[in-house]
Structure formats: C-alpha cells, structure tokens
Amino acid sequence: MSQMLLEAHNLSVRYPQGEVALYDVNFAVRAPTFMAIIGPNGSGKSTLLKTAIGLLRPTTGTIKTLGYDAARESAAIRRLVRYVPQRDRIELSVPIKVKDIALMGRLLKKRPPRIASRKDKRLAREALERVNMAEFWDHPFNELSGGQRQRVLVARALASDGPLLILDEPLAGTDTESQRLIVEALREYHTENDVSIIMVTHDLNPIHTMVHDVLLLKKTVIGLGEPCEVMDHELLTRVYGPSAKVVEYGGHRYCMTQDSGVDRHD
Ligand SMILES: Nc1ncnc2c1ncn2[C@@H]1O[C@H](COP(=O)(O)OP(=O)(O)OP(=O)(O)O)[C@@H](O)[C@H]1O
Ligand SMILES: [Mg+2]
C-alpha cells in the first residue's frame with residue numbers, strides 16, 4: 001500500500017519579523033519516491049523542509065510527513081527522517097575526523113553512551129565508499145574541500161537509518177565530479193533501498209532522469225508533476241521570468257533558466 005510522503009493543507013509560514021515565506025501551499029506526494037524541490041532563491045524551499053520536519057511551525061494550515069503532523073508529532077518524524085541541512089554548522093575549530101562525521105548519523109540515534117559498534121563502522125565506511133571518500137576515513141574534516149565535505153555529509157545521511165532522506169542543496173558548491181558521485185550514490189541508494197528522497201536543487205539537469213516528482217515553488221506551489229510536466233514554458237516563466245525557455249531538440253526537452261544553465265529532460 002502506498003503511503004503519503006508529504007501532504008500540505010493551506011500551509012503558510014511567516015517568520016517572526018513578518019516575512020511571509022510560504023502561503024496557500026496545498027499538495028500531496030506519495031511514498032516511496034525521489035522528489036526534487038526547485039525554485040529561485042528565497043522561494044521557500046528550505047522553509048518548506050524545515051516545516052515538514054517540525055523545526056518551524058506553520059502559521060496556518062498543516063503539513064504531514066509520512067502521515068505525522070509536523071507541528072504535533074515532530075518527535076516521530078525526527079526518528080524517520082535523515083536531514084542534511086543547506087549549510088551544516090559543524091564546528092570547524094574542533095579537530096573532528098571524517099569517520100566521526102560519518103558515524104555521527106548513526107550514533108546520534110542511540111542512547112548514551114554512544115559507542116560505535118562494528119556494524120556502525122561498517123555502514124559508515126560503506127557510505128563513504130559510495131561517495132568515494134573512504135580513503136579519507138582518518139583525515140581531519142576541516143582539511144577537506146567544500147565538495148569533499150558535501151560528499152561526507154551525504155555519506156553521514158546514507159549511513160544512518162530511516163525511510164526518508166531529506167537533502168537541502170547537496171550539490172551546492174560542488175564540481176561536476178562531486179555532483180556525479182553524490183547523484184549516483186543517491187540514485188543507487190534509492191534503487192536498492194525502500195527509502196524516499198527529497199532533494200532541493202537549483203539545477204534539475206543532474207537528477208532529472210531519476211526524479212519522479214518535481215515541486216516548483218515560489219512561496220506557493222507553481223507546479224507539481226513529473227520532470228517533463230514541470231519543464232513547461234508557462235510555469236517556468238512564472239517563476240524565473242521571461243528569460244526561461246524550454247527547447248525541444250533531438251527528442252529531448254531542455255529547460256534553460258538563469259538559475260540552472262541547461263536542464264535536459266528525455
Ligand atoms: N530565519 C529567518 N528569519 C526570517 N526570515 C527568513 C529566515 N529564513 C528565511 N527567511 C526568509 O524566508 C524566505 C524564504 O527563505 P528560504 O530559505 O526558505 O528560501 P530558499 O528557497 O531555501 O532559498 P535559497 O535558494 O536561497 O536557499 C526568504 O525571503 C528569506 O529571506
Ligand atoms: Mg534554501
């Protein structure tokens with residue numbers, strides 16, 4: 001039986017200073033899926049994720065994640081979700097090693113004393129292998145490049161447990177090779193495990209062949225559907241302005257926005 005991944009009803013979120021980040025948000029997406037959330041800067045993507053896991057409260061309306069109300073049942077959601085925030089505040093003055101980061105995702109779900117078991121270490125190492133970072137096991141995290149750090153943070157999420165993986169712009173600040181490794185690791189992981197993935201991205205191009213649902217946001221839902229349905233000229237110009245174009249060439253659909261460079265969809 002298929003379950004609801006996300007279900008929003010009349011959701012709005014206003015920050016205390018008065019900024020309305022989301023209004024009239026209504027949509028539902030079934031699990032399991034690989035879902036992308038796209039939209040320009042400030043369109044409420046991160047706000048939506050934070051509200052969905054109970055880090056922010058709705059001003060009006062509701063959002064349910066895997067059937068749990070995010071405002072009232074966030075503890076249950078937290079147990080099911082692995083969340084990679086947009087900018088992780090890992091204290092870089094602490095000489096923490098790559099293995100500690102990769103293990104953290106598993107250890108934080110344990111009761112104290114949080115001691116890594118053989119299984120924890122195996123899963124952490126396997127996750128690092130997926131993003132080609134296993135050789136950095138004993139390396140200080142703060143001596144890695146930005147792209148390498150992103151790969152370790154993705155590995156931390158992959159090593160942990162739970163039916164939903166949420167990643168807020170995991171490809172930001174990464175080069176093509178890191179992007180390829182991260183995207184490939186997520187695709188494999190999604191195919192091999194009964195896990196849903198929600199990923200915020202500015203560029204649909206690296207993931208359009210693997211995502212099933214795309215949510216196009218601009219403070220409210222502008223479009224929701226398969227990649228080819230969302231790659232629609234009218235929808236994209238509403239979000240990205242008149243410069244957005246969808247081009248059909250050689251049997252492929254390309255979408256060009258100032259945000260994304262070139263997005264192709266088969
Ligand atoms: N902590 C905060 N306090 C007040 N306003 C905020 C806060 N965080 C975000 N906002 C505002 O809410 C709106 C949506 O922000 P959000 O971070 O959700 O956008 P986003 O789509 O994730 O953008 P980006 O692509 O830059 O990550 C923006 O106008 C932003 O200025
Ligand atoms: Mg954001």
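As the structure is a prediction and not an experimental result, all values here were calculated from the model. Read the numbers this way: they start at 1 and go in the same order the structure lists the ligands and their atoms.
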Please check: side-chain N/O of Lys110 versus main-chain N/O of Ile115, any donor-acceptor pairing under 3.5 Å?
yes
Give a yes/no answer: is there an N/O/S atom of Ser46 under 2.8 Å from the Mg ion (ligand 2)?
yes
Atom indices of ligand 1, in the order listed, that fall short of 4.0 Å to a heavy atom of Thr47
14 (C), 15 (O), 16 (P), 18 (O)
Any carboxylate oxygen within less than 4.0 angstrom of a Lys/Arg side-chain nitrogen, looking at Asp69 and Lys64?
no
Selection from Glu19, Gln86, Gln17 by shortest heavy-atom distance to atom 27 (O) of ligand 1
Gln86
Name the residue from Arg151, Met133, Gln150 that meets the side chain to side chain contact (heavy atoms under 4.5 Å, CB included) definition with Leu181.
Arg151
Does ligand 1 have an atom under 4.0 Å from some heavy atom of Gly39?
no
Nearest non-hydrogen protein atom, atom 17 (O) of ligand 1:
Ser46 CB, 3.8 Å
Near His202 (heavy-atom distance under 4.0 Å), the atoms of ligand 1 are 25 (O)
Could you check atom 14 (C) of ligand 1 against the protein and tell me its nearest heavy-atom contact, residue, atom and distance included?
Gly42 O, 3.6 Å
Can a donor-acceptor pair be found between the side chains of His212 and Glu226 at a distance below 3.5 Å?
no
Looking at Gly105, is its backbone amide N or carbonyl O close enough to the side chain of Ser160 to form a donor-acceptor pair, meaning the two atoms are under 3.5 Å apart?
yes
Examine the side chains of Asp213 and Thr33 and answer whether a donor and an acceptor come within less than 3.5 Å of each other.
yes
Starting from atom 12 (O) of ligand 1, what is the nearest protein heavy atom, named by residue and atom, and what distance separates them?
Tyr15 CE1, 3.3 Å
Kindly say whether Ala159 contributes a backbone atom to a donor-acceptor pair with the side chain of Arg106 at under 3.5 angstrom?
yes
Can you give me every donor-acceptor pair (side chain of residues 186-194, partner residue at least two apart or in another chain, under 3.5 Å) with its distance?
| residue | atom | partner | partner atom | Å |
| --- | --- | --- | --- | --- |
| Arg187 | NE | Glu184 | OE1 | 3.4 |
| Arg187 | NE | Glu184 | OE2 | 3.3 |
| Arg187 | NH2 | Glu184 | OE2 | 2.5 |
| Tyr189 | OH | Arg82 | NH1 | 3.0 |
| Tyr189 | OH | Arg82 | NH2 | 2.9 |
| His190 | ND1 | Val195 | O | 2.8 |
| Thr191 | OG1 | Arg187 | O | 2.6 |
| Glu192 | OE1 | Arg130 | NH2 | 2.9 |
| Asn193 | ND2 | Tyr189 | O | 3.0 |

Got the closest protein heavy atom to atom 26 (O) of ligand 1, with its distance?
Asn41 ND2, 3.0 Å
Heavy-atom contact under 4.0 Å between Pro16 and ligand 1?
no
Residue set satisfying salt bridge (Lys or Arg N to Asp or Glu O under 4.0 Å) with Glu234, at least two apart, ordered chain then number -> none
Closer than 2.8 Å to the Mg ion (ligand 2): does that hold for any N, O or S atom in Thr47?
no
For Pro40, the ligand 1 atoms whose distance to one of its heavy atoms is below 4.0 Å
21 (O)
Tell me whether Gly44 has any N or O atom under 3.5 angstrom from an N or O of ligand 1.
yes
Determine, using heavy atoms of Lys50 and all atoms of ligand 1, whether some pair is separated by less than 4.0 Å.
no
Going by the atom numbers of ligand 1, which of them fall below 4.0 Å from some non-hydrogen atom of Glu169?
25 (O), 27 (O)
Nearest-neighbour protein heavy atom for atom 21 (O) of ligand 1, which is reported as residue plus atom name and distance
Lys45 NZ, 2.8 Å
NZ/NE/NH1/NH2 to OD/OE distance under 4.0 Å, Asp161 and Lys109
no
